[in-house]
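Input: a single structure, listed below in C-alpha cells.
What's counted below: heavy atoms across the whole structure, side chains too, no hydrogens, waters or symmetry copies. Note that the coordinates shown come from a computational prediction; the quantities given were computed from them, not determined experimentally.
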Amino acid sequence: MALDDFKDYFKILGVSRNATDKEIKSAFRKLARKFHPDLHPHDERAESDFKEINEAYEILSDEDKKKSYEQFLNYWFQKKLSFYFQRIY
C-alpha cells in the first residue's frame with residue numbers, strides 16, 4: 001500500500017484507534033445497514049460507501065491484517081510528519 005493510497009479504516013468506521021473488537025463490529029453493522037445497496041438502489045455513492053465500510057471491517061476484524069495495518073499506519077504518520085517538518089524548515 002503506497003502512502004497515496006492510505007485509508008483510515010478507523011475513521012471510516014467511526015471508531016477510535018483503541019476500539020475493541022466488539023465496538024468495531026457494532027460500528028460496522030450500524031454503517032452496513034445504513035448504506036446497504038438494497039436500501040439505496042441506483043445510488044452509486046451509497047454503494048461506494050458500503051464497499052469502503054466492508055473493506056475497513058475486513059481489515060480491522062482480522063487480527064493479523066489489523067496488526068499489519070497498524071504498523072503501516074504508524075509508518076504513514078511518521079512519513080507524513082517528516083514531510084511536514086521538511087517543508088517548515
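- F72 and L60 fall within a single hydrophobic cluster, where Ile, Leu, Val, Met, Phe, Trp and Tyr side chains are chained together by heavy-atom contacts under 4.5 Å.
- Looking only at side-chain heavy atoms (C-beta outward), K30 and K34 stay at 4.5 Å or farther from each other.
- For the pairing with D62, the side-chain contact (heavy atoms from CB on, under 4.5 Å) check across E58, K66, K65 returns one residue only, K65.
- F50 is listed as a side-chain neighbour of N54, based on a closest heavy-atom distance under 4.5 Å.
- Between R17 and L73, the closest side-chain pair of non-hydrogen atoms falls below 4.5 Å.
- Tracing side-chain contacts under 4.5 Å through hydrophobic residues (I, L, V, M, F, W, Y), one never reaches L39 starting from Y57; they form parts of separate clusters.
- To the nearest 0.5 angstrom, I53 atom CD1 is 8.5 Å from I12 atom CD1.
- Note that NE2 of H40 is 7.0 Å distant from CZ of F35, once rounded to the nearest 0.5 Å.
- Looking at heavy atoms from C-beta onward, Y69 lies out of side-chain contact with K7 at the 4.5 angstrom threshold.
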Worked verdict on K51 versus E47 for salt bridge (Lys or Arg N to Asp or Glu O under 4.0 Å): CA-CA 6 Å; K51 288 178 181 178; E47 182 179 348; 3.3 Å; yes

Give the C-alpha distance, both sets of side-chain angles, the deciding distance and a yes or no for salt bridge (Lys or Arg N to Asp or Glu O under 4.0 Å) between D21 and K25. CA-CA 6 Å; D21 292 341; K25 187 174 189 175; over 6 Å; no

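- A distance of 8.5 Å separates CG of D49 from CG of D43, quoted to the nearest 0.5 Å.
- Here the straight-line distance linking atom OG of S68 with atom CD of E63 works out to 10.5 Å at 0.5 Å rounding.
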